[in-house]
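Working notes, beginning with the structure itself.
First listed ligand is number 1; within each ligand, the first listed atom is number 1. Since this is a predicted model, take the numbers as computed values, not measurements. The residues of the chain are indexed from 1 along the displayed sequence.
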Amino acid sequence: MNEVADLFTLKGRVTVVTGGTRGIGEMIATGFLQGGAKTYITSRKADACEAMQKKLGEFGECVAAPFDLSTVEGCEAFTAFIAEREDKVDVLVNNAGASWGEPLDVFPEEGWDRTMDLNVKSIFFLTQKMLPLLRAAAKAEGRGRVINIGSVDGLTIPQMENYAYSASKAAVHHLTRVLAKPLAKDRITANAIAPGPFVSKMTAFLLGTEAGQEAVGNQLPLGRIGAPADMIALSTFLASPAADYITGTTIPLDGGYTNAR
Ligand SMILES: NC(=O)c1ccc[n+]([C@@H]2O[C@H](COP(=O)([O-])OP(=O)(O)OC[C@H]3O[C@@H](n4cnc5c(N)ncnc54)[C@H](OP(=O)(O)O)[C@@H]3O)[C@@H](O)[C@H]2O)c1
């Protein structure tokens, strides 16, 4: 037996990654599959789901299906889809998120509602709907996991005018702590990752070129932007037995942006 390998394995786990069709969700799903988990991913676009299921299938058993998680009905429908196929969910990663940038004087209600509905409301209601599946995993395996994706913009004053986004991410971090208390009774942990800059569609306006990546990286204490391996390492750790004793916390994954500037 290799005790260290056992601590970090995801073999036999059923994992769910929302927004798993690109960017950070794709990174997390890739790591989970490589760690041995069966992984469900979702996003709104059916063609993106189909393409990513095919791509990630190279690493393990990946199932993708389209749902809009910004409504409670969407959260219920996605949960029902999984419940038809699985009797437990070991790890739920609430990653799907959206941002909206506009100046203070003209920031619209639509931008506020869209951001809050997906970034905050969907995390609460998807977790609520998935509770029976998470509890079933905790009963069978002795542990369950909720991992929420926040942002350094919820920990620091953002550089962009993204009022709803940064407020939503602060809410994600606090909701994580609030959820951790009742979930602990069921041996389900709830933690958040607060990423700094990672290449994705959301950050393409800033990190879409190598020059942009270098310029942003140079502003960070560790001198570079986040790499897929950084995201895989932390999400796999939090999902694995190695993180059994950690709950209610938010971990910045940001090259020192939050705590070492
Ligand atoms: N990239 C960064 O530097 C960074 C930094 C800090 C925090 N984050 C956070 O990390 C998470 C992932 O961001 P990302 O950068 O990877 O963004 P992204 O490339 O825009 O990916 C977002 C994912 O969410 C899905 N999605 C969007 N709206 C949805 C909805 N209503 N229902 C279900 N799925 C939906 C998207 O697919 P569809 O469009 O097909 O729905 C996509 O798969 C977000 O929570 C973001 O706030 C990112």
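The shortest distance between side-chain heavy atoms of Pro195 and Ile24 falls below 4.5 Å.
Atom CG of Asn119 sits about 11.0 Å away from atom CG of Asn148, to the nearest 0.5 Å. In this structure, CZ on Phe237 lies 6.5 Å from CZ on Phe8, to the nearest 0.5 angstrom.
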Next item on the list: Apply the test side-chain contact (heavy atoms from CB on, under 4.5 Å) to residues Thr189 and Ile246: give CA-CA distance (whole Å), side-chain angles for both, the deciding distance (0.1 Å), then the verdict.
Entry: CA-CA 7 Å; Thr189 64; Ile246 301 174; over 6 Å; no
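Contact check on Lys169 versus Asp153 returns no salt bridge, with no Lys/Arg side-chain nitrogen under 4.0 Å from an Asp/Glu carboxylate oxygen.
The 4.0 Å heavy-atom shell around ligand 1 contains residues Gly19, Thr21, Arg22, Gly23, Ile24, Ser43, Arg44, Lys45, Phe67, Asp68, Leu69, Ser70, Asn95, Ala96, Gly97, Leu118, Ile149, Gly150, Ser151, Tyr165, Lys169, Pro195, Gly196, Pro197, Phe198, Ser200, Lys201, Met202, Thr203, ordered by chain and number.
Using cut-offs of 30° and 60° on the angle between ring planes, the pair Phe81 and Tyr40 is perpendicular.
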